[in-house]
Structures are given as structure tokens and as C-alpha cells.
Participant: 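This is the structure, below, for whatever I ask next.
Below, chain A is the first sequence line, B the second, and so on; all start at residue 1.
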Number of protein chains: 2
Amino acid sequence: MTQPTHYPSWETLKTHHEDMRDFSLREELARADRFATMSRESCGILFDFSKHLATEETLTHLLALAKEAKVEEMRTKMFAGVKINNTEDRAVLHTACRAPETAEVIVDGENIMPFVHQVLAQMEDFSHAVRSGEHKGYTDEAITDVVNIGIGGSDLGPRFVVEALQEDGSGPKVHFVSNVDGQDIVSVLKKLKPETTLFVIASKTFTTEETMLNAQMAKDWLLKSATTDAIPKHFVALSTNAEGVKNFGISLSNMFPFRDWVGGRYSLWSAIGLSISLAVGFDNFKKLLDGAHEMDQHFQNAEPKDNVPLLMGMLGVWYRNFYNYSSHLLLAYDVRMDKMAKFIQQMDMESNGKAVDRDGHHMSYATGPLIFGEPGTDSQHSFMQWVHQSADVVPVDFVIAKEAHHTLTPNHASLCANFLAQSRALALGQTLEEANGDPSRVFSGNRPSTSIILPKLSPYHLGALIAAYEHKVFVQGVVWGLNSFDQPGVELGKKLAKPIREILEGRAPNAGMDSSTSHLIDVLMPR
Amino acid sequence: MTQPTHYPSWETLKTHHEDMRDFSLREELARADRFATMSRESCGILFDFSKHLATEETLTHLLALAKEAKVEEMRTKMFAGVKINNTEDRAVLHTACRAPETAEVIVDGENIMPFVHQVLAQMEDFSHAVRSGEHKGYTDEAITDVVNIGIGGSDLGPRFVVEALQEDGSGPKVHFVSNVDGQDIVSVLKKLKPETTLFVIASKTFTTEETMLNAQMAKDWLLKSATTDAIPKHFVALSTNAEGVKNFGISLSNMFPFRDWVGGRYSLWSAIGLSISLAVGFDNFKKLLDGAHEMDQHFQNAEPKDNVPLLMGMLGVWYRNFYNYSSHLLLAYDVRMDKMAKFIQQMDMESNGKAVDRDGHHMSYATGPLIFGEPGTDSQHSFMQWVHQSADVVPVDFVIAKEAHHTLTPNHASLCANFLAQSRALALGQTLEEANGDPSRVFSGNRPSTSIILPKLSPYHLGALIAAYEHKVFVQGVVWGLNSFDQPGVELGKKLAKPIREILEGRAPNAGMDSSTSHLIDVLMPR
């Protein structure tokens, strides 16, 4: 495989980066046509790239790099079910979860689309049964609360979407338990009654330590007041491991399957989305899938120069590898999108935070950035000081929905004004003269951002937005030549935790550890 | 003022950094006495620095830098009430809020300690009245819910502490509203009844746009079912602006004052802590102050080589300026400390994310790092892949409480094991041999972290921990020669938002804006 630094366009971009030394956003944005040439639209969502350290020429060079890196070929392979997750020998087909029944996607000789739609039908039936009260608990009462027990990909996606679509939430209240810290499940269970609670156990392997410990606690809790006959009424499983599900005591008719071609952090579109469907109804869940599918179509068919995920991805490469900016900030101006940064943080950093390329060679160039974020305007009273004035420049994505779900007009006007003011302040800065000669109030400006405007925070637009980020991450992974779909770091942690837990539980002596760990074990050892 | 890069010890540290090129944590941690020489204790909290890229010699050089930068002199000035916030000409005395009544701290010729303790007495009385049901709403019912309306420093501190001390929460349920997004207050109010709700309006200036808009919405909501006579029973103010409080309709007997020598992000110890006192009781609030005061004593009196905040601060300088690590990660292995990273992120980044030094000169060296974090073990299934394998190294603070408040023993053992395994994995890495020859599973190791163990998450220990971070940030600000106590970036945002809001509300034409902002205004303009 060719390293990206060896493509001809990489050299062109290096030269172009030199030429951009005097580029001034203040000057560029003074040109009336800047917005028209640098903004794009997809699925009804506006993506304004005009506040970037880029010209049309920059985009041309970046798209040449994408072409040389074979982004298009890899994209075709992904959608077609080729096993591009090479270290795990798996296809990458979260996109199939949102494709229409008429599509054909072949994995190991089988068209998987009938399976996808069979699971969707199972989800639809079950969501309807729970939401209508037809599905009853062991005392014949309807379900009022759902507890999603999962971690990482089996938690963050549904957690983000359920909160984002809270105004569509018409079903049972959905709670999320992820952490192995016992406080997590204890705090949730103390608010609930077993007879009206449904547990959704979400674990691809059905062996995840955190999830299985919490699922066991949930079962113990139910069985304090019910007999084992109650389990099928109060537990369902989202998993690929039928054997594990059965052994836990969940009947296979209550198992919602998915396959190994759905990676955890890309799984909210699969059976893992059941909690979303329970919270907002299957029709809304379907609209979420439709929005994502529409973005899939856009990503596959739009011209490179208009292709939003491609441009997002390549602008990220531009900053990461040529400007050496090491982080990326996500600011959703919407409290319902409180978990967006957390969700994208996982999707991006777990995918592209890698040390070796697809061929197992150590990479000598920077790859995935650090992703962080909090909702605006809160962040303006927190870390935005740093974003405006720190020596480190961080590109920002500003996200907002034009239409609010509430009627507090002055609040919404203030929210929109602040959304616009921050990107403007970052781009233009403040000169010494504008700061009335006070050097502590001088801002360099020239700090780049994308403004993203959704017509409203609907399931459709949210689905499209999430899919855009998925494909952005994909594009960058391809350019960097790495496998975005494994996670060896997660496995290393599990491997090292096992012997330590054995010592802490008195099943092994405190031996063979390093000086620090050995002493810390002594401190944490229960007496 | 001397720039830090001009101190003799800066050169020494540069040379020492070169000498450390072959430093191997794997080798260092194999020495049995590494833990004993590199761990410290304060206020009953263990701080293990043995997994750092540092030897005792490193600490000696770093402490020499602290001495040359006059950290001790500045510390003395801060505690004594000298106006070290030079751009705003203010003293910096959050430490006085937790000092005993017998202390004497003079500001502008006045001993402020009687004022501090008078406000504490007012907080004690009011907390008792609300919690006992003696303070009644307009229908003569007791208060069941408190809504803290504030943003930034008037929100994050109380929000973090109330959640962290949830097991001590015996009073009314405290909710937090911060964002100007109307959804924030709408979501909270729909769960509450006006007759049993108390609003705590927290704004230093009582002019903060977000807070005043939300306070107005809260007042409108109350007045839908009550007359203006009800306001004194349902609204209190935490502010320095008596005039503004009175104009809003809150009686001055319901105002809890503080002074301009308490900065927003350091204000949870002042009247801003009222929501904490309401949630957990004044006695617990007092223990929080006691813990912080104990850490103040430690910071002032401990020998440099044993001084925890000093060492934390200087290790941060070591990584930021010599290793060029640009971020810092906070991982609390406790779901109750979910907001810790968010809180410290504000405290640190708003304080030290600055462009000019105390003399108004542009700084040519790196200053405050990017701070981020999420609770462990959740983060292990999210961005830890990146932390283990990315080309960017990020120093980590791991935080845990030895004693859990719940009784789920296997969960707690797993939590502790994972806490220990992650720092061990970061320090030691995994060789190609240990990875069975799979290059994608090779981890470089040598990634530094501090392990912090609290005996339990008590108010006292939490207070001490927060104060340690405050002083860490202070130490770094002094070494970098900047003012950690102003926030010009926040003010720039406010200044630019005003004219945009006027356009969005139809009070001014869409003119004078840059190409991007002008078009985005058109998109967001209500029709």
C-alpha cells in the first residue's frame, strides 16, 4: 500500500499550504461570493465551509488526494460488502441496515437484505407491542420504563439519539446503564418497579464484562420479586451470540440479532437501535434510517466537489496533516444534542486513533484527531476562551436546528445569534485597534469552522447528519491507509484487567505486577 | 517580567529532556522502590506520580523552575489578597471562602472574613429553613425542587458537586438550567409544580444574557399561577449586583452576596454553592469547604518536593513545554463524578487558555492544554483506543474512590481492576512478542498518568481534590506568566452576538456582516 505522504498531491498540498501563509479569512469573507462558492447542501442540511482556511483551489488539491488514495474504490467496496475490516476479516455494512428491501448486498454468498428487513419487522412488532401495552410484565401491567444495558457502541448511539429526539418520545421512558461502577445501575433501579420495567441487554458478543455484570444485577433485582417465568417478559437481548443469550435465560424469540458486519460504534441502525424504536416509535426510527440512507446515496453519487462527507473528511486531513492541528471541536447549539460530541468522539477516535496502517506498518504521519465538545452556549462560558486565544488552533463544527421545538422566541434568537457570533469571532478575530489598544483582548482570528444548519432536529435530519460523520471518518481512514473498524486498544485493557481483578478478589497473590500497580492494589484491596 | 523560557532551569530542563530520550517506564516500574519515591499523600488522598516520564531528578529541576518563576511569592500574594488579577484589578480569594472565621484577610483595608462567615451563616439558616420545610411556597407547601439557573462558573461547580455527593443528597431535588436554548428550561419546568419550586438565580453581574432570559421565563411560569407576592418565596439570587437583583423583583433579604474577588470558575465555595448546601445540607457543604481549606494549608506549607498541587502543576508544564503534549485527560472511575472533566475543563482552559502574558506580550511558548474526559470504564469502550495508540500522547489523571457507596462487590472489583489496568497498559504498552507478532496490537507504552485514590467520595475529600486542581492551574499560570483570572474570549463572543441578535429579531438590517454570516443569518431568519 502507498503511504499517503507519497502521493503526488501530498507534495502539491504541502506547497499550497506554504502559499496559504498569508491567507486571511477576514479578507476572504469580505468577498460577497465567498459563501456561494464554499457552502454545500445535502438532505436539506446546509454545510457552510466558507469559514475554512481553504480556497476552491485547496478543495481541488484535497479531492485529488482523495482520488489518489482511492477513496472512491474503497467506498464502492464498503457498500458492496467486501471485507475491508482486514484485521478481523469482516465486511463493514452498517449502511445495509438502512438500505431498502429491494437492495441486494452479498456477504459470503448470501444476500443479507432479507435478514436486515426481517430484524426490522421484528423490531417494529415488538416496539408496537410494548408501546401499545399489549406486551405485559409478570403482573400483567404494561411496561413504563426501559433500561438499555450496554456500553460503548451499544450505549452511546441509542443514548444520543433518544435524547436528541426527546420531543418525539411518546413511549416508555428509556434509561441507560453502561458503567461497571455499581452506582450506575443502583441509581437507575431505585427509581423503577420490576413489574413495569423492561431490560434491553445490548452486547454484540454477550460477554462484555460491564454489560454482563449489570445484566446479572438486573436479573437478581427482578427475581427478588418475581420467579424465573418473568424473565422472558422483562428481558430482551440485542446480540450476535445466540448461545450466550440462551445461557443467560433469555428466550431466542426475545433476541434481536445482528451480524459481525456491523461494528459497535456504527450499530445504532441495527438491532442495537431497539431502545430508540421503543422510545420514539418504529416509524420515527425508520425515518432516522431513511435520512441516513439518503446521505449514503449522496456520499455514493454526488460529485466530489459537492460531496459533503468527502469534503468534511478532506478538510480534516488538511488541518491534521498540513496545519498540524491535533484536535477537532464539536459544538451543537441544542441541549438535546448534549451527547453528540461524546458519540462522535467514540466513532472518530476509536476508528482512526491507530498506530499502524492496513499493512501493519507504523504510520509516520498524524492520523485521527482528538475530538471533544459540549453544547453551545454553555461552552462559551467554559473552554471557548481557550479556543479563541490558545496557541493551539482547533477547527470547529457548529451545529444548530433552525426551527426550535419550544416557543421561547427571545431564547431562540439569542441561541442563533451566539451560534453565528462564535464562528464569526473565530474567523475575524479582534485587532489591537478594535480592542481599544488592550493587548489582552487581541484575538488572532483565522480560526476555521464549519456551520451546519438542520431545518429542524427531526429523525430524518438527525439520521442524515450522523451518516455524514460516519462517512467523514471513513474518508479519513482511507486516506491515512488504516483500518477504521477494529479496536485493539479496547482488547488490551480487558487483557490486563483480568489478572488484577483476580488479585483484588483474593483469587491470586499480588505478584508479577510493576511497582506502582502492586502498591495501588494494596491500597485498593478490600479489608 | 521574565519569560519562563529565559530562566536558567528552562535550559536545564531542555537538556534533561534530551537525556530522558531512552527513559523507559517499563524499566523504571520494575524497580521495587519506584512507588515509594514517586507517590505522595495529602488530605488522606493518594497521588501516585510513579507512572510519569520523570525521575526524582526531573522533579528537582521542575521545582527549580517553579522557584525561579516565583510561584511561592505569587502564592503568598494570592492568599494575602493582593490584586493579582491585574487586567481586572482584583484580588483572587476563593481560598478565603473556606478559611476559618479567625483568619484575617485584608482587601482594600477591610478584613473580609466577617463578611465571608456572615454569608455562610445566611446560607446555613436558609438551607435549614428550606430543608426542614419551615420555608414555604405561596400555597404554604414545603419546597420539593430547586432550580439553579446560572451558566459557566455559576453552574458547573454546583452541578458537579451535587451529582458527586448524590449519596448525601437528603434535601430537595436540585435541577440545573444553564443553556439559553429554551429547551433547557422547558424540559425542566415540565416536571415541576410552581408551588413547590424554588429558583436560585446565580449570576455574578446579574446581567448574563442566558441566565437573565431563563430567570425571566421562570418568573413568567410562576406568575401564570401565582401573584407577584409569591416571588420572594420562590426566588433567591446569588450575585454581587444588589441593584440588578432588586430590579428583577427579588428582595435583598433573599440575596446571597459575594464579591469581585471570587472568580466565576472558582466560586462554588461562595454563595454560588447555595444549591449544594440545599441538596446535601449545610454541614456537608461545610465539610467540602474544610477539605478545600486543608488542601490550601498543604499547598501553602508542604515542602515543594511533597507539595501535591505544585507537583501536579509542574508535571503539566513538563509535558506541555518540553514533550509538546497538547492535551490532558481526566478519567474518574466513578459515575457520580461524571461532570468532573467538564468542570475542570472550564477551570483550566478558561484560566490558562490565553495569548498574552501579564505584561501584555504575546507568548511564544505553549500554555494551558486542552482538557477532556469521561468516566471510566465507559471511556475504555470509546476514545481509549486513541489514547493507547495515537501518535499524540496525552497524560492522564485516573481518579477513583476506594470505598463504594453501593454493595455490588463484583462490580466494584471490576471497576478497580480496570482503573489499574489502564494506567498499567499505558505505561508498559505491549511488545510485538506479547502481541503474538500482530503489529496492529503493538502499543508503544511510556504514556504517563497520575493515579489518584480517595478513601471515599466524601464532601471533605471532594473539597480537597477540587482545591488541588485549582492550585495546579494556579501554579501553571504563574510559570507561564499569564493572568489565570480573566476571560476576554467570553466577552468577545458577547460583543459580536449583540448586533446579530438585533438583525435576527428584525431590529436592524442585515448589513455590515461578512459573506458567510450574512447568508447564514438569512437562513436562520424566522419567516
Participant: Give, as side chain, backbone, both or neither, the part of A/Leu156 having an atom under 4.5 angstrom from any heavy atom of chain B.
Facilitator: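 Interface part for A/Leu156: side chain.
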
Participant: Counting distance only, does the side-chain N/O of B/Asn179 pair as donor-acceptor with the main-chain N or O of A/Gly376 below 3.5 Å?
Facilitator: yes

Participant: Is a donor on one side and an acceptor on the other found under 3.5 Å between the side chain of B/Asn86 and the backbone of B/Arg358?
Facilitator: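 Yes, B/Asn86 side chain to B/Arg358 backbone: donor-acceptor pair under 3.5 Å.
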
Participant: With a 4.5 angstrom heavy-atom cut-off, could you sort out which part of B/Val335 is near chain A: side chain, backbone, both or neither?
Facilitator: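 The answer is both parts of B/Val335.
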
Participant: Heavy-atom distances under 4.5 Å only: say whether A/Asp392 touches chain B with side chain, backbone, both or neither.
Facilitator: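 For A/Asp392, side-chain heavy atoms alone lie under 4.5 Å from chain B.
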
Participant: Just by distance, do the side chain of B/Gln385 and the backbone of A/Gly489 share a donor-acceptor pair under 3.5 Å?
Facilitator: yes

Participant: At a 4.5 Å cut-off on heavy atoms, which part of A/Ser379 comes close to chain B: side chain, backbone, both, or neither?
Facilitator: neither

Participant: Checking heavy atoms, do the side chain of A/Glu167, its backbone, both or neither come under 4.5 Å from chain B?
Facilitator: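 Side chain only.
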
Participant: Please examine the side chains of B/His412 and B/Leu408, heavy atoms only from C-beta on, and report whether any two atoms are closer than 4.5 Å.
Facilitator: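 Side chain of B/Leu408 against side chain of B/His412, heavy atoms only: no contact under 4.5 Å found.
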
Participant: Just jot down the ring-ring contact (aromatic ring centres under 6.0 Å, His included) partners of B/Tyr325, sequence neighbours excluded, or say none.
Facilitator: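 ring-ring contact (aromatic ring centres under 6.0 Å, His included) check on B/Tyr325 returns B/Tyr319, B/Tyr323.
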
Participant: Kindly compute the distance separating OG (B/Ser516) from CZ (A/Phe49), expressed to the nearest 0.5 Å.
Facilitator: 12.0 Å

Participant: For A/Gln487, is it the side chain, the backbone, both or neither that has a heavy atom under 4.5 Å from a heavy atom of chain B?
Facilitator: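 Contact with chain B is through both the backbone and side chain of A/Gln487.
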
Participant: Need one label for A/Leu46: side chain, backbone, both or neither, based on atoms under 4.5 Å from any heavy atom in chain B.
Facilitator: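 When you check distances to chain B, only side chain atoms of A/Leu46 fall under 4.5 Å.
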
Participant: Kindly say whether B/Ala36 contributes a backbone atom to a donor-acceptor pair with the side chain of B/Asp33 at under 3.5 angstrom?
Facilitator: no

Participant: Of all residues at least two apart in sequence or in a different chain, which pass the side chain to side chain contact (heavy atoms under 4.5 Å, CB included) check with A/Asp155?
Facilitator: A/Arg159, A/Phe176, A/Ser178

Participant: Which of the residues B/Gln345, B/Arg34, B/Lys494 is involved in the greatest number of heavy-atom pairs with chain A at under 4.5 angstrom?
Facilitator: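 If we count pairs closer than 4.5 Å to chain A, B/Gln345 comes out on top.
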
Participant: Who among A/Ile400, A/Leu504, A/Leu420 has the most heavy-atom pairs with chain B under 4.5 Å?
Facilitator: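 Option with the top pair count is A/Leu420.
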
Participant: Against chain A, work out which of B/Thr367, B/Asp334, B/Asp338 has the most heavy-atom pairs shorter than 4.5 Å and name it.
Facilitator: B/Asp334

Participant: What part of A/Ile453 lies closer than 4.5 angstrom to a heavy atom of chain B: side chain, backbone, both or neither?
Facilitator: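 Side chain only.
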
Participant: Hey, which of B/Gly264, B/Pro499, B/Ala366, B/Ala497 has the most heavy atom pairs under 4.5 Å with chain A?
Facilitator: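 Most heavy-atom pairs under 4.5 Å with chain A: B/Ala497.
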
Participant: Quick check on the interface: out of B/Met363, B/Gln216, B/Lys51, who has the most heavy-atom pairs with chain A under 4.5 Å?
Facilitator: B/Lys51

Participant: So which part of A/Ser187 gets closer than 4.5 Å to some heavy atom of chain B, the side chain, the backbone, both or neither?
Facilitator: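 Interface part for A/Ser187: side chain.
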
Participant: Using a 4.5 angstrom heavy-atom cutoff, name the option from B/Ala425, B/Ala391, B/Ser390 with the most pairs to chain A.
Facilitator: B/Ala425

Participant: Taking every non-hydrogen pair under 4.5 Å, which of B/Ile500, B/Val180, B/Leu496 racks up the most with chain A?
Facilitator: B/Val180

Participant: Let me know if B/Lys495 has heavy atoms under 4.5 Å from chain A in its side chain, its backbone, both or neither.
Facilitator: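 For B/Lys495, the contact with chain A is made by the side chain alone.
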
Participant: Go through the atoms of A/Phe383 and report whether side chain, backbone, both or neither lie under 4.5 Å from a heavy atom of chain B.
Facilitator: both

Participant: Considering only heavy atoms and a distance below 4.5 Å, find which of A/Met38, A/Met217, A/Lys498 pairs most often with chain B.
Facilitator: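 The option with the most such pairs is A/Met217.
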
Participant: Donor-acceptor pair, distance only, cut-off 3.5 Å: does the side chain of A/Lys402 make one with the backbone of B/Met525?
Facilitator: yes

